[in-house]
Structure formats: structure tokens, C-alpha cells
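For reference, the structure discussed in these notes is given below.
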Number of protein chains: 2
Amino acid sequence: MPASKRDQLLATAERLFYEQGFHATGIDRIVAAAGVVRMTLYNHFPSKEALVAAVLKARHERFIASLEAAMAAAAPGQKTLALVEAHGHWLERYSQHGCIMAKAMGEFAEHSTEIHALAAAAKTDLLARLEAAVARDGLDHHAGLARRLFMVLEGSNTAVALLGVQTALADTRAVTDALLATARSETP
Amino acid sequence: MPASKRDQLLATAERLFYEQGFHATGIDRIVAAAGVVRMTLYNHFPSKEALVAAVLKARHERFIASLEAAMAAAAPGQKTLALVEAHGHWLERYSQHGCIMAKAMGEFAEHSTEIHALAAAAKTDLLARLEAAVARDGLDHHAGLARRLFMVLEGSNTAVALLGVQTALADTRAVTDALLATARSETP
DNA sequence: CTGCATTTAGATAGATCGGTCTATACAGGA
DNA sequence: TCCTGTATAGACCGATCTATCTAAATGCAG
């Protein structure tokens with residue numbers, strides 16, 4: 001079953017937006033790389049902004065699905081750690097050159113409220129799932145733990161791009177372990 | 001002494017690039033906001049890319065100067081903490097909407113090797129200074145400490161934009177304290 | 001006052017931008 | 001077979017992009 005033209009456009013646009021930036025990637029380059037014609041894009045998406053929104057939504061759904069799968073497979077009490085590890089796996093496979101949501105927030109901050117809000121919501125969604133994992137692991141008595149882990153994951157996005165995957169993920173694990181050890185040592 | 005036209009251009013371009021992005025900010029908007037004419041810009045900078053490079057260099061120099069000043073004023077053994085605090089001050093005053101170097105890396109990754117390298121060098125420069133501070137505080141037996149602190153600072157860049165300055169800086173201090181406490185508890 | 005460098009105003013260039021339009025080709029289902 | 005939805009090819013639009021050019025005005029130093 002070959003991918004639909006719409007899926008080809010989404011995948012191509014995601015790659016180009018991620019590699020070259022949103023404003024620097026023109027419609028012509030997207031349709032040429034996707035092997036379709038200009039009107040096909042506008043047949044599926046009413047505007048470039050709508051295409052950007054669809055790309056971000058689809059990517060975030062895949063991201064969340066991989067996190068949820070890892071958490072579901074993790075033993076009780078290990079949900080938080082599984083989430084952090086799954087985040088690392090995602091960086092390794094799909095996001096070695098910075099977070100696309102962070103890039104979108106930067107490029108659309110004063111240019112499209114909708115896109116900026118969408119990207120910001122993706123980030124706070126990760127935070128919310130971290131909070132849920134911390135609660136399921138019985139660590140939510142440690143106020144702000146999820147927020148601190150979130151900050152570490154955000155830092156690992158940049159660290160991967162600057163220091164390489166191996167180093168960045170090892171450091172992420174180390175800091176995560178330290179934070180979790182502190183949280184577990186405190187009796188509720 | 002009024003600012004020179006060149007300085008006006010640098011300051012205006014820095015603000016617009018930071019708020020609206022690099023590719024989304026046109027030459028016309030920069031010169032209009034700076035109150036000069038287009039040829040004045042091209043009289044001082046050979047191209048937009050050169051203007052971007054000059055903006056990033058000037059901003060990084062100011063950033064490093066404020067870090068160095070804080071470190072110089074800090075008591076012995078407190079250099080690392082002073083550097084982290086100075087970074088927080090910088091975020092609070094000038095960088096509440098994400099790191100301009102990270103934005104530049106995202107927008108110029110496949111568009112200008114020079115700009116991308118410049119922004120990446122600014123980031124690794126911060127890491128190098130963290131390593132120097134850790135060494136001066138006698139904590140360099142704790143392998144990777146500087147790298148982990150660096151990752152936390154990178155995360156705080158994003159956290160400030162998403163969770164607000166107060167929360168992000170408090171979390172940064174908390175994680176930093178935890179990492180430093182662990183390092184200090186290990187005898188060299 | 002003169003001379004030089006800077007700044008101004010504005011036209012201009014060629015390329016690219018996002019987006020629209022028409023006419024044609026082609027597929028699969030009724 | 002015909003009909004409908006989708007894709008194609010390509011012209012076209014106005015706007016904007018970076019960059020260059022000329023000619024006049026301005027300001028400051030010698």
C-alpha cells in the first residue's frame with residue numbers, strides 16, 4: 001500500500017522543516033521533494049501555516065505514542081525512568097539536531113499564535129505526562145520533581161546536538177538517577 | 001554620546017532577530033526600525049549574513065562578560081555556583097523567550113555553515129567556562145559534572161519560556177545544588 | 001571655507017515567496 | 001460507459017526578499 005500523497009507531503013515537509021527551518025523552506029521545495037505538484041498540496045492543506053500545524057500535530061502524536069508504549073511496558077515504580085529512557089530513544093532516532101517544537105516556537109512566536117501555542121502545548125504535554133508518571137511511581141510528594149526532570153529532558157535536546165547522542169544520553173541518565181534517588185530517599 | 005548608526009543597527013537587528021526569527025525578519029524592517037536607510041546597513045555590513053554574525057558575536061561577548069564579572073566577584077570555591085546564578089540573571093534580563101544561539105542553529109543548520117558554527121561555538125564556550133569554574137572550585141575529580149550542569153542550563157533556557165522565570169530559575173538552582181552536593185560529598 | 005566620509009532618498013534589479021487559476025489527464029466505482 | 005474525485009502541468013498574481021546603483025544632502029575635520 002503506497003503512502004497517500006497527503007502522507008508524502010507530511011513526511012517531506014516534516015523533514016525539510018526540521019532540517020532547514022520553517023520560513024526558509026518554500027512551498028516549491030516541499031512539493032518538488034515530495035514528487036507532487038503545487039495544487040496537490042493546496043488540495044490537502046489550505047495554507048502553509050496549516051501544513052506546519054499538521055506536521056507538528058502528527059509528529060507529536062508519534063512522539064507521545066512511543067512514550068506511552070514504553071511506559072505501559074515498564075514495571076510498576078519504573079514509569080518515570082521508562083519515560084526518560086523513551087525520550088532518549090526518540091532523540092536518538094528522530095531528533096539529533098534540536099527539538100522541532102522549540103524551533104517552531106522560535107520562528108512563530110510573533111508570526112503565528114496558533115503554531116506557537118501548538119508547539120508550546122506539545123512541550124507542556126510532555127511535562128504533564130512526566131507529572132503523571134511521577135505520581136504513578138508514588139514520587140509526587142517530592143514537589144517539583146517532574147518539572148526538574150522536564151528541564152533535564154529539555155537540556156538533553158540541545159546537548160544531543162552539541163555533544164553527540166552517547167554523551168548527552170549518558171549525562172541525562174546520570175542527572176535523572178540523581179534526582180530520582182533524592183526523591184526516593186525522602187519518606188512520604 | 002549618541003549611539004552610532006552601526007550600533008543602532010546591531011541593537012535593532014538583535015531585537016528583531018530574537019523576537020521574530022532570522023529569516024522572517026527582512027532588511028527593510030530592520031532599517032525602518034533602526035531609523036536609517038537601507039544603504040547605511042550595507043555600508044556597515046556586506047550582507048545580511050554578516051549582520052547576523054555580528055549580532056551573535058556582540059551578544060555572546062556581552063554574555064561572557066557578565067559571566068566573567070560574576071565569577072570574578074565570587075568567593076573561592078563558589079565560582080561554579082556564581083556562574084550558574086549569572087546565567088540565570090542573563091535569562092531573566094535578556095533571554096526570556098529562548099536562546100538566540102539555539103534559534104540561530106536551527107535556522108542556519110543547512111543554510112550557513114558560518115552562522116551555525118558561530119552559534120555552536122558560543123554554546124561550547126559556555127561549557128568550557130563551566131569546566132574551568134568546576135576546576136577552579138576543585139570539583140573536577142567529578143567527571144562530567146560541568147557537562148551535566150551545562151545540560152541543566154540549556155534546559156533552563158527552554159523552561160524559562162514555558163514555565164516562567166521564577167519557576168525555571170528555582171528549579172535550576174535546585175538541580176544545580178543537588179549536582180554540586182553530590183560532587184562535594186565525594187572525596188577527591 | 002573646503003574636502004571627505006557618511007547618510008539619505010528612491011529607483012531598480014532579479015529571485016523567490018505564498019497562493020490562485022484553468023485546462024487536461026487519469027483513475028476507480030456506479 | 002459515464003461520472004466524480006484526484007493529480008498534473010504550467011501560467012499567473014501581487015508581495016516581498018536581498019542587494020545594487022545614482023544623485024543629492026549632511027556633518028565634521030583640517
Side-chain angles (χ1 to χ4, degrees), chain A residues 1-56 103-104 106-116 118, chain B residues 1-56 103-104 106-116 118:
Chain A
M1 188 177 74
S4 71
K5 302 286 183 184
R6 196 187 130 99
D7 289 342
Q8 289 178 39
L9 280 166
L10 278 176
T12 305
E14 180 177 332
R15 179 174 58 85
L16 292 178
F17 286 153
Y18 183 62
E19 292 173 356
Q20 324 214 9
F22 296 92
H23 285 96
T25 301
I27 297 287
D28 283 332
R29 273 209 292 281
I30 296 172
V31 297
V36 302
V37 112
R38 196 181 186 71
M39 272 309 295
T40 302
L41 188 153
Y42 283 102
N43 191 19
H44 288 290
F45 307 97
S47 67
K48 183 185 180 180
E49 187 178 336
L51 173 63
V52 172
V55 164
L56 296 185
K103 296 186 185 194
E107 289 204 42
F108 293 99
E110 303 217 351
H111 201 265
S112 165
T113 307
E114 183 200 333
I115 301 291
H116 183 269
L118 202 73
Chain B
M1 187 177 77
S4 71
K5 302 285 184 185
R6 197 187 129 99
D7 290 341
Q8 289 177 39
L9 280 165
L10 277 176
T12 306
E14 179 178 332
R15 179 174 58 85
L16 292 178
F17 286 153
Y18 183 64
E19 292 173 357
Q20 325 215 9
F22 297 91
H23 285 96
T25 302
I27 296 287
D28 283 333
R29 271 208 293 280
I30 297 172
V31 297
V36 301
V37 112
R38 182 153 59 254
M39 271 310 294
T40 302
L41 188 152
Y42 283 102
N43 191 19
H44 288 290
F45 307 96
S47 67
K48 183 184 179 180
E49 187 178 336
L51 173 63
V52 172
V55 164
L56 295 185
K103 295 185 186 193
E107 288 203 41
F108 293 99
E110 302 217 351
H111 200 265
S112 165
T113 307
E114 183 200 334
I115 302 291
H116 183 269
L118 201 74

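In the text below, chain A, chain B and the rest are named by the order of the sequence lines, each starting its count at 1.
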Inset, instruction - Just jot down the side chain to side chain contact (heavy atoms under 4.5 Å, CB included) partners of B/Glu19, sequence neighbours excluded, or say none. - result: A/Glu110, B/Arg15
Legend entry - Residue pairs involving residues 14-35 of chain A (criterion ring pair (Phe, Tyr, Trp, His ring centres under 6.0 Å); sequence neighbours excluded): A/Phe17-A/Phe22, A/Phe22-A/Phe108, A/His23-A/Phe108, A/His23-A/His111
Inset, instruction - Take B/Ser112 and B/Glu49, measure what side chain to side chain donor-acceptor pair (under 3.5 Å) needs, and give me the verdict at the end. - result: CA-CA 8 Å; B/Ser112 165; B/Glu49 187 178 336; 2.8 Å; yes
Legend entry - Check: A/Val36 main-chain N/O paired with A/Thr40 side-chain donor or acceptor under 3.5 Å: no
Legend entry - Rounded distance in Å - NE2 (A/His111) to C1' (D/dT16): 11 Å
Legend entry - Donor-acceptor contact present, side-chain B/Arg29 to main-chain B/Ala24, <3.5 Å: yes
Legend entry - Per-nucleotide protein contact string for nucleotides 3-18 of chain C, where B marks a base within reach and S marks sugar-phosphate only (heavy atoms under 4.0 Å, - for neither): ----SBBBBB----SB
Legend entry - Between P of D/dC17 and CG of B/Leu51, the distance in whole Å: 15 Å
